[in-house]
Structure formats: structure tokens, C-alpha cells
There are 2 protein chains.
Amino acid sequence: MKTDEEKLEEARNKITTMMANTMDLYGIPPSIGRLYATLYFSDGPMTLDELKEAMGMSKTSMSTGVRKLENDHFINKVWEKGVRKDLYEAQTDFFKSFVAFYCKMWFREIELNMEAIKKAEPILKELTNSKNLEVKEKAQKDMVKLSNAKEYYEWLKTLVISLENGEIFDFIPKK
Amino acid sequence: MKTDEEKLEEARNKITTMMANTMDLYGIPPSIGRLYATLYFSDGPMTLDELKEAMGMSKTSMSTGVRKLENDHFINKVWEKGVRKDLYEAQTDFFKSFVAFYCKMWFREIELNMEAIKKAEPILKELTNSKNLEVKEKAQKDMVKLSNAKEYYEWLKTLVISLENGEIFDFIPKK
DNA sequence: TTGTTTGTACAGTTTTTATTGTATAAATAG
DNA sequence: CTATTTATACAATAAAAACTGTACAAACAA
């Protein structure tokens, strides 16, 4: 017969394991996914030393882990009066994590793409007048591809904006 | 003075490098990102042997690479009359890639989550009657957290559906 | 049928990423 | 000011992932 403590642990373990798996989809290694789950179930913010204790891992790993999680907006650093150590708490509002994570990622993608296109397009444009007919044709085709890419990234930018200003929730309400 | 062929190569390289970087955000290693770019700029579908030649990598790597890219909906396997080898072409419609990629990923995430919650919730519910007051209180708090998670995943499911049926493009038009 | 071609499984290797322990700088306490 | 505490930089190690060559099974050709 299991104690109630053990049952609670069992229930939390099911969620923790799932979180470690799903965060893997976001480029977070499983161990750091479990670190997130630890914060998710914690009653309050935790210090690096408490996390180290809870996870049975080195403090260095906790330090790099929380930095990654904070960077991806899955956790926040918080401040508490009289507490000298850094404190971290899970972002339990998944809507906020979603918005912050994808806005950042997609914005970066858009930026990199537009930058590369801005460099490549003038070269291709020039080549559409090439004496070399094979190059000329390829350049023309490439221009079309880049034009399509730009259209997509314009759309993605609009999506990012609607996430940032919350208008997406007019279209797909939170219930 | 550069030849026009070299200029074309230069322009394509800028895009290729960018693609290798951005596909990294999607869990695709840079070399496989360049593999995608090779198909993206190719005039037509390519075989594993042609890719091997173009990339200067082993055929085995090409085989595993295209499998990953196909699985993530960045490329398609195509069939051509009289050609015995497998042929692959890039999905140049980024809208389609976006929809297919995120529908699959988010669907999987929703599924895993709902499954874990379905297992954990009954245990927690039982514990809300625990004699152990500390456990009882924790179980109650956890129930609230899971309830919020469910709300988010319901929303995400609606988003996936609106991507699948294209209704998202009523809200955010392609232009 | 037999002989080729084609894609991939598998084992071994290289490369990259994750993890740790130690050392140290910055911040705080006394 | 000096002591201590705290987080992290850094180098070393462990683990995971990417990549290759070989071997082989399935598909096709003759």
C-alpha cells in the first residue's frame, strides 16, 4: 500500500516525464525539462542550491539550465526581500510562454531571412541580364522563389504581431 | 572579376547559409539544412546519389537526412516515370511547410499532455481527500495547475484545427 | 533464374553537446 | 576593511548525436 506522499509523487512523475519529453520538442534537453517540472510543482521560487538538491545534479548545470529556460521564457527570475540568492519560478501560464517563445523564435527567423534576401536579391537581379543564358534563367527562377519566401515571411510577421498584441485571441478565444 | 556563375553561386550561398541557421531552430542540423537548400535551388527533383555528389557527403547521411526532412514536411518524395531511384524535391511553399510542421508537432504535444493529465488527475483528485493535510493542499494546487494546462492545450488544439482547415488565413490573410 | 542496382541497417568513428569540479570574480555581511 | 557567500567561467570528462563505410535485403533487369 502506497502512502499519500508516494501517490502525489507518482502523479507528479507522470507530468514530469511528459514535460521532459515535450520540452525536447523545443530544443530543451530532458534533464532541463525535469528541472522546469521541479519549478512547476514547487510551492514557491527556488534557488540554485535547492534545485541542485532536488535534481541531484551539479550547481553548474543548474546555472546553465535556468539560463536556457529563462532565455526561452519558460521560467522567470524573481526577487524576494531579504533573500540574497537568485530565485527562479516557473511560468505556469502556458499562453504567455507560447507567445514569448514563438515571437522570439519567429522574429529571429524573419530577421535572418530578410537580411539574407536583401543581400542575395540585388545580385540575382543583375544576373537576370546575364549573357550566360543558363545563369540568366536560373537567376530568374531564384528571384521567383525569393519573392515567394518574402510573402511567407510577411505573413509570419503579421502572425507574430497578432501574438504580441493579443489579437490572435480574438480569433481563437481562450474560452 | 567574378564570372556570372560565381555570382549566382554567391547569391545562393547567402540563402543557403541562412537556411542552415534557421533550420537549426527546427531541430535540423546545419548540414541537413544545407541539404534542404540544395533541393530548394535544384531545377528538379534529385536522387540520393546526386545529393551525395552535390554535398560531398556519404549516401547514408543523405538517406537519413532526406528521411528527417520528409518527416518534418520540408521536402517530398516524388515519382517520375521511368526513373528507378527515389526522387526528392523541396517543398518551396513555406506556408504548407509551416502548417504541416506545426500541426504535427503541436498535435503530438497535445496528445502527450492530455494523456499524462488523464493519468495524473484521478490520483490527485483522490488525494484532495487525504488525511495528510500537506499532501491534500499540494494536490489541490496541482489540480489547479493541470486545469490551466488543459485550458491552454484546448486552445492550442483550436489553433491546430484552424491551420489544418486554412481558416487562420481568413484572420491573417496571405495578401 | 541470375546479376545489378538501390536504399538502409548496423557498427565503428568523429564531432558536438551535456555535465561536472575547480577556480574566481562580484556581491554581501560583519 | 576582511570574511563569506553566490553565481558563473573554464577546462576536463561523459554522453549523445552526426557521419561514414560496409554489408545486405528488396526491387528490378535480363
Side-chain angles (χ1 to χ4, degrees), chain A residues 16-17 19-39 42 44-72 74-89 105, chain B residues 16-17 19-39 42 44-72 74-89 105:
Chain A
T16 299
T17 301
M19 281 179 169
N21 287 333
T22 59
M23 295 199 79
D24 206 33
L25 300 170
Y26 292 89
I28 308 273
S31 66
I32 308 302
R34 288 202 306 282
L35 170 57
Y36 169 79
T38 302
L39 286 170
S42 168
M46 293 176 75
T47 66
L48 290 181
D49 285 313
E50 287 167 342
L51 286 168
K52 168 191 155 166
E53 192 62 28
M55 301 281 301
M57 287 176 74
S58 72
K59 196 175 179 181
T60 305
S61 293
M62 299 302 96
S63 181
T64 56
V66 296
R67 184 158 40 181
K68 179 152 184 57
L69 287 170
E70 195 188 11
N71 198 255
D72 288 346
F74 292 119
I75 69 172
N76 296 120
K77 192 188 268 192
V78 295
W79 183 86
E80 224 166 70
K81 197 175 152 183
V83 178
R84 192 164 147 191
K85 301 183 183 186
D86 291 353
L87 288 165
Y88 297 91
E89 69 178 7
M105 169 171 163
Chain B
T16 299
T17 301
M19 280 180 171
N21 287 333
T22 58
M23 296 199 78
D24 206 32
L25 300 171
Y26 292 89
I28 308 272
S31 66
I32 308 301
R34 287 201 307 281
L35 170 57
Y36 169 79
T38 302
L39 287 170
S42 169
M46 294 176 76
T47 66
L48 291 181
D49 285 313
E50 288 168 342
L51 286 168
K52 169 189 153 163
E53 194 60 29
M55 301 281 302
M57 287 175 72
S58 72
K59 196 175 179 183
T60 306
S61 292
M62 298 302 96
S63 180
T64 55
V66 295
R67 184 157 43 180
K68 179 150 184 59
L69 287 170
E70 194 188 13
N71 198 256
D72 287 347
F74 291 119
I75 68 172
N76 295 122
K77 192 189 268 192
V78 294
W79 183 86
E80 225 166 68
K81 197 174 153 184
V83 178
R84 191 163 147 193
K85 301 184 182 186
D86 290 354
L87 288 165
Y88 297 91
E89 69 178 9
M105 169 172 163

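Residue numbers begin at 1 in each chain, while the letters A, B, ... track the order of the sequences.
Base pairing annotation: C:dT20 forms a Watson-Crick or G-U wobble pair with D:dA11, both donor-acceptor distances under 3.5 Å.
Rounding to whole angstrom units, CG of residue B:Leu51 and P of C:dG7 are separated by 10 Å. One can place CD of B:Glu53 at 17 Å from C1' of C:dT6, the figure rounded to the nearest angstrom. Taking atom CD of A:Glu50 as the reference point, atom C1' of D:dA7 lies 15 Å away to the nearest angstrom. Atom NZ in A:Lys85 sits about 13 Å away from atom C1' in C:dT28, given to the nearest Å. C:dG7 atom P lies 9 Å from atom CG of B:Leu87, rounded to whole Å. Distance A:Asp86 CG to C:dT28 C1': 13 Å, rounded to the nearest Å. The distance from atom CG of A:Leu35 to atom C1' of C:dT19 is 13 Å, rounded to the nearest whole Å. Summarising the geometry, the separation between OH on B:Tyr88 and C1' on C:dG7 is reported as 8 Å, rounded to the nearest angstrom.
Across every non-hydrogen atom of A:Asp24 and A:Pro30, the tightest pair is OD1-CD, 3.8 Å. Nearest heavy-atom pair across A:Asp72 and A:Tyr26 is OD2-O, 4.5 Å.
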For this session: Show your reasoning for whether side chain to side chain contact (heavy atoms under 4.5 Å, CB included) applies to B:Thr38 and B:Glu50.
Result: CA-CA 10 Å; B:Thr38 302; B:Glu50 288 168 342; over 6 Å; no
For this session: Any chance you could lay out the side chain to side chain contact (heavy atoms under 4.5 Å, CB included) test for B:Phe74 and B:Leu39, step after step, and finish with the verdict?
Result: CA-CA 10 Å; B:Phe74 291 119; B:Leu39 287 170; over 6 Å; no
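With a 4.5 Å cut-off on side-chain heavy atoms, A:Arg34 and A:Met55 count as touching.
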Side-chain atoms of residues 77-89 of chain A: list all donor-acceptor pairs with protein atoms under 3.5 Å, sequence neighbours left out, distances to 0.1 Å.
unit_1  : atom_1 : unit_2  : atom_2 : d
A:Lys85 : NZ     : A:Asp49 : OD2    : 3.1

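In B:Glu53, the CD atom is not crowded: 12 or fewer heavy atoms of neighbouring residues, nucleotides or ligands sit closer than 6.0 Å.
Contact between the side-chain N/O atoms of B:Ser63 and the OP1/OP2 oxygens of C:dG7 is not found at any separation under 4.0 Å. In this model, the phosphate group of C:dA18 is not approached by any side-chain N or O of A:Arg67 to a distance below 4.0 Å at OP1 or OP2.
With no hydrogens or angles considered, a side-chain donor-acceptor pair links A:Ser61 and A:Ser58 at under 3.5 Å.
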Seminar exercise, completed: In 5'-to-3' order, the base (B), backbone-only (S) or no-contact (-) status of each nucleotide in nucleotides 25-30 of chain D, using a 4.0 angstrom heavy-atom cut-off, is --BSS-
Contact list (N/O, under 3.5 angstrom) for nucleotides 14-20 of chain D vs protein:
unit_1 : atom_1 : unit_2  : atom_2 : d
D:dC19 : OP1    : B:Ser31 : OG     : 2.7
D:dC19 : OP2    : B:Ser31 : OG     : 2.9
D:dT20 : OP2    : B:Ser58 : N      : 3.0
D:dT20 : OP2    : B:Ser58 : OG     : 3.0
D:dT20 : OP2    : B:Ser61 : OG     : 2.7

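Within the 3.5 Å criterion, the main-chain N or O of B:Arg67 finds no donor-acceptor partner in the side chain of B:Glu70.
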